[in-house]
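Encoded as structure tokens, the structure appears first; notes follow it.
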Amino acid sequence: MDRAARDEICRLSATELASRIRKSEVSPLEAVDAVLDRTAEVDPTLHAYCTPVPDQARARARQIGERLARGEDVGPLAGVPIGVKDLIATRGIRTTSGSPAYEDFVPDEDDIVVERVLGAGAVVLGKTNATEFGYSAVGHNPVFPATRNPWNTALTPGGSSAGSAAAVAAGLGPVSLGSDGGGSVRVPAAHCGLVGFKAAMGRVPVWPGCRDERYPGVSGWESLEHIGPLTRTVADAALMLSVLAGPDPRDRHSIPCGDVDWTGAPREAGIRGLRVAYSADLGYLAVDPEVRRVVDAAVDVLERDLGCRVETVVPGWEDPAEAFAALIAAETDLTGMRRLVDVHGERMSPHLVAMMRRRWTAEEFTDANIVRKAVVNRTARLMSTYDLFVTPTAAVPPFAVGIQGPERIDGREVPDTAWTGFTFPANLTGQPAVSVPAGWTRDGLPVGLQIVGRHLADAQVLRAAAAFESAAPWAHRWPGEPATRPELDASGSSDRRRGATSR
């Protein structure tokens with residue numbers, strides 16, 4: 001296959017690629033070979049895949065091709081190559097969780113979501129790199145080389161689903177699975193110019209991740225964690241959710257999903273008349289001026305072009321970052337993790353070791369639950385007035401590889417985790433939330449717009465994301481290529497402080 005034909009396949013959406021495979025215009029093996037060839041060329045720099053399985057992928061592609069030749073229905077992801085985050089269990093494929101403690105671990109079962117994508121005809125290309133146990137929002141861990149951002153390889157792609165985002169942004173598979181306990185699908189989507197969807201709590205079941213007591217570190221975050229897709233288009237996110245969603249008895253939080261037409265929702269009529277609450281900083285976060293500029297312009301599109309009624313709001317809760325950290329610790333197997341730290345601590349991530357060695361108190365854990373309830377209650381009051389709540393996804397554009405985050409934003413000294421403060425409130429509440437590309441900075445770096453819906457209003461979030469995609473498309477933009485249309489800017493934008501309310 002020549003380079004032009006290869007790259008054409010690698011640029012196809014999952015929806016289009018599956019359609020062409022079913023029509024015999026592209027074979028599953030051609031699709032997998034195209035992506036593997038591009039991966040061999042690009043990934044030595046990006047480090048998106050930490051455990052590739054090319055031989056297994058080719059064997060499965062041949063099998064799917066044979067089934068198609070016999071006229072069998074192989075599923076909606078027919079032959080589509082896919083990456084799987086290294087925190088998600090894959091039977092027979094090494095799953096390290098980015099930790100020396102699991103460096104040689106090979107699960108004996110698939111996560112539910114892996115079962116489902118395989119059942120839908122997908123081809124797993126391998127495991128994608130992630131931070132250690134997902135305990136930070138960047139792309140480096142102690143086991144593998146740091147994942148880099150395809151838009152600028154000196155910068156982080158965000159995380160913890162770092163490799164999944166970098167792979168899709170670079171054309172190393174049209175879709176990938178990530179997990180999101182505090183923004184780990186949405187943050188790398190923002191930093192890599194992608195769609196990252198966290199469905200409402202319980203829509204997508206999780207097992208054994210978060211729930212299997214045999215695996216300290218892997219078994220944490222139960223009330224916070226979600227698994228979701230990273231894609232280039234809203235239609236592909238919807239396609240993936242149509243496969244992933246639905247209850248399973250192994251996940252006690254999982255819920256029926258018959259109220260959502262996943263693939264139909266993005267094609268529904270627009271969002272004119274919806275009431276949208278917008279907060280550029282939640283009332284307390286430091287935000288990079290370029291992020292404000294780009295997101296302000298994106299919000300203008302919602303109002304001016306899509307007919308939404310936008311009001312600037314302060315949601316009314318105090319910064320819950322400390323409570324969020326305590327909730328993570330409370331849902332962690334501290335006894336088991338401390339044993340791992342005793343054995344592997346010299347090689348583990350320093351911030352993770354410090355968290356495990358901290359002497360947490362019962363009051364810190366119960367106080368955190370009270371803060372969570374306050375955020376949930378104030379959010380419910382906010383969403384009784386508004387259909388959607390929009391914010392930046394991340395407070396800063398991509399930054400240098402190797403750090404947890406900037407310690408100064410817009411002239412303010414901040415903790416190095418403060419830049420992630422927009423995303424984890426939706427994990428506290430369980431609301432559906434998506435990050436879509438809002439635009440690009442003047443330096444050509446992606447910026448994300450987060451759209452949060454009411455409780456269980458996944459379909460409306462998909463519809464809003466699709467409407468914004470239609471009004472301000474992004475999928476034509478690829479790393480390393482010049483823009484082909486004028487980018488959104490804030491010139492002539494309305495004063496976002498008018499009509500401000502406080503809750």
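Remember, predicted model here, so these are calculated numbers, not experimental data.
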Practice task
Mind jotting down which residue pairs meet the side-chain hydrogen bond (donor to acceptor under 3.5 Å, both in side chains) criterion with at least one end in residues 110-123? Sequence neighbours excluded, please.
Solution key: E115-R250

Practice task
Check whether any side-chain heavy atom of P350 lies under 4.5 Å from a side-chain heavy atom of V353, and answer yes or no.
Solution key: no

Fill in the blank from the handout: Heavy-atom nearest pair, G139 first then T131, reads N-CG2, 4.0 Å

Problem - 4.5 Å side-chain heavy-atom contact, P174 and S13 - result: no

Fill in the blank from the handout: Sequence neighbours excluded, the answer for side chain to side chain contact (heavy atoms under 4.5 Å, CB included) partners of E8 is R20

Handout entry: All ring-ring contact (aromatic ring centres under 6.0 Å, His included) counterparts of W151, not counting sequence neighbours
Key = W440

Problem - Main-chain N/O of T231 paired to D236 side chain as donor or acceptor, under 3.5 Å - result: no

Exercise for the section: Would you kindly say whether T95 and T90 are connected by a side-chain donor-acceptor distance under 3.5 Å? Expected result: yes

Practice task
Report the relative orientation of the aromatic rings in Y215 and F105; use parallel for angles under 30°, tilted for 30 to 60°, perpendicular for over 60°.
Solution key: tilted

Exercise for the section: Under the side-chain contact (heavy atoms from CB on, under 4.5 Å) rule, what do D416 and I403 come out as? Steps first, then yes or no, please. Expected result: CA-CA 8 Å; D416 62 7; I403 64 173; over 6 Å; no

Exercise for the section: Kindly state each residue pair satisfying salt bridge (charged side-chain N to carboxylate O under 4.0 Å, His left out) with at least one member in residues 178-188, sequence neighbours excluded. Expected result: D180-R186

Exercise for the section: Indicate yes or no for a side-chain donor-acceptor contact from S349 to the backbone of L352 under 3.5 Å, with no hydrogens or angles considered. Expected result: no

Exercise for the section: Identify the heavy atoms of S435 and T393 that sit nearest to each other, and give their distance. Expected result: OG-OG1, 2.8 Å

Problem - Side-chain (T366) to main-chain (A362) donor-acceptor, under 3.5 angstrom - result: yes

Fill in the blank from the handout: All heavy atoms of A130 vs all of N141, minimum pair found to be O-ND2, 2.6 Å

Donor-acceptor list for residues 194-201 side chains, cut-off 3.5 Å, not counting sequence neighbours:
| from | atom 1 | to | atom 2 | distance (Å) |
| --- | --- | --- | --- | --- |
| K198 | NZ | H226 | NE2 | 3.3 |
| K198 | NZ | A426 | O | 3.4 |
| K198 | NZ | Q431 | O | 2.5 |

Problem - Qualifying residues under side chain to side chain donor-acceptor pair (under 3.5 Å), relative to D367, sequence neighbours excluded - result: none

Handout entry: Donor-acceptor pair, side chain of H191 and main chain of V396, under 3.5 angstrom
Key = yes

Exercise for the section: Examine distances only and state if a side-chain atom of E225 and a backbone atom of V206 form a donor-acceptor pair shorter than 3.5 Å. Expected result: no

Handout entry: Straight-line distance of I64 CD1 to L118 CG, nearest 0.5 Å
Key = 8.5 Å

Exercise for the section: Using a 4.5 Å cut-off on heavy atoms from C-beta on, say whether the side chain of L334 contacts that of M356. Expected result: yes

Exercise for the section: Please report the C-alpha distance between R6 and E41 in whole Å, then the side-chain angles of each, then the deciding distance to 0.1 Å, and finally whether the salt bridge (Lys or Arg N to Asp or Glu O under 4.0 Å) criterion is met. Expected result: CA-CA 12 Å; R6 179 202 74 180; E41 177 184 306; 3.1 Å; yes

Completion exercise
Hits for side chain to side chain donor-acceptor pair (under 3.5 Å) against S99, two or more places apart or cross-chain, chain-then-number order -> E132

Exercise for the section: Please determine if R358 forms a cation-pi arrangement with W360, meaning its NZ or CZ atom is less than 6.0 Å from the six-membered ring centre and no more than 45° off the ring axis. Expected result: yes

Exercise for the section: Before accepting this row, confirm whether a basic side-chain N of the pair R232/E469 lies closer than 4.0 Å to the acidic partner's carboxylate O. Expected result: no

Completion exercise
Closest non-hydrogen contact found for H140 with G402 is CE1-C, 3.5 Å

Exercise for the section: Evaluate the ring planes of Y102 and F133, with Trp represented by its six-membered ring, and classify them as parallel (under 30°), tilted (30 to 60°) or perpendicular (over 60°). Expected result: perpendicular

Exercise for the section: Go through the side-chain N and O atoms of Q450 and T423 and say whether any donor and acceptor fall under 3.5 Å apart. Expected result: no

Fill in the blank from the handout: Rounded to the nearest 0.5 Å, the CG atom of L177 sits from the CG atom of L87 at a distance of 12.0 Å

Exercise for the section: Would you please say whether a donor-acceptor pair under 3.5 Å links the side chains of S219 and D333? Expected result: no

Practice task
For residues P205 and S254, report the shortest heavy-atom separation together with the two atoms involved.
Solution key: CB-CB, 4.0 Å

Problem - Step-by-step side-chain contact (heavy atoms from CB on, under 4.5 Å) determination, L224 to L428 - result: CA-CA 6 Å; L224 299 165; L428 298 177; 4.0 Å; yes

Practice task
Check whether more than 12 heavy atoms from other residues, nucleotides or ligands sit under 6.0 Å from atom CD of E346, and answer yes or no.
Solution key: no

Problem - pair P28-L68: side-chain heavy atoms closer than 4.5 Å - result: yes

Fill in the blank from the handout: OG1 of T233 to CH2 of W474, rounded to nearest 0.5 Å, is 8.5 Å

Problem - Non-hydrogen side-chain atoms of P446 and P437 separated by less than 4.5 Å - result: no

Exercise for the section: Decide yes or no for V175 and L230: does some side-chain heavy atom of the first lie under 4.5 Å from some side-chain heavy atom of the second? Expected result: no

Exercise for the section: Any chance you could measure L172, atom CG, to L46, atom CG, to the nearest 0.5 Å? Expected result: 6.5 Å

Handout entry: For R267, all residues meeting side chain to side chain donor-acceptor pair (under 3.5 Å), sequence neighbours excluded
Key = none

Problem - Pairs meeting criterion salt bridge (charged side-chain N to carboxylate O under 4.0 Å, His left out) with involvement of residues 73-98, two or more places apart - result: D86-K127

Problem - Pairs involving residues 57-66, ordered by first then second residue, that meet side-chain hydrogen bond (donor to acceptor under 3.5 Å, both in side chains) (sequence neighbours left out) - result: D33-R58

Exercise for the section: Determine yes or no for a side-chain-to-main-chain donor-acceptor pair under 3.5 angstrom, with W262 supplying the side chain and V243 the backbone. Expected result: no

Handout entry: CD (E109) with more than 12 external heavy atoms under 6.0 Å
Key = yes

Practice task
Could you tell me which non-hydrogen atom of V260 sits nearest to which non-hydrogen atom of A459, and how far apart they are?
Solution key: CG1-CB, 4.2 Å

Practice task
For D458, check side chain to side chain donor-acceptor pair (under 3.5 Å) against everything at least two apart and list the hits.
Solution key: R203

Handout entry: P398 and P157, any side-chain heavy atoms less than 4.5 Å apart
Key = no

Exercise for the section: First locate atom CG of L327, then atom CZ of F424, and finally report the distance between them rounded to the nearest 0.5 Å. Expected result: 9.5 Å

Handout entry: Nearest-0.5 Å distance that lies between atom CE in M240 and atom CG in L77
Key = 6.0 Å

Handout entry: D43 side chain to H47 backbone, donor-acceptor under 3.5 Å
Key = yes

Problem - Expected output: side-chain Q460 to main-chain A457 donor-acceptor under 3.5 Å - result: no

Practice task
Please check if the side chain of E30 supplies one atom and the backbone of S27 the other of a donor-acceptor pair under 3.5 Å.
Solution key: yes

Completion exercise
Residues at least two apart in sequence or cross-chain that pass ring-ring contact (aromatic ring centres under 6.0 Å, His included) with Y49, listed by chain then number, are none

Practice task
Would you mind reporting whether R211 and H253 have side-chain heavy atoms less than 4.5 Å apart?
Solution key: yes

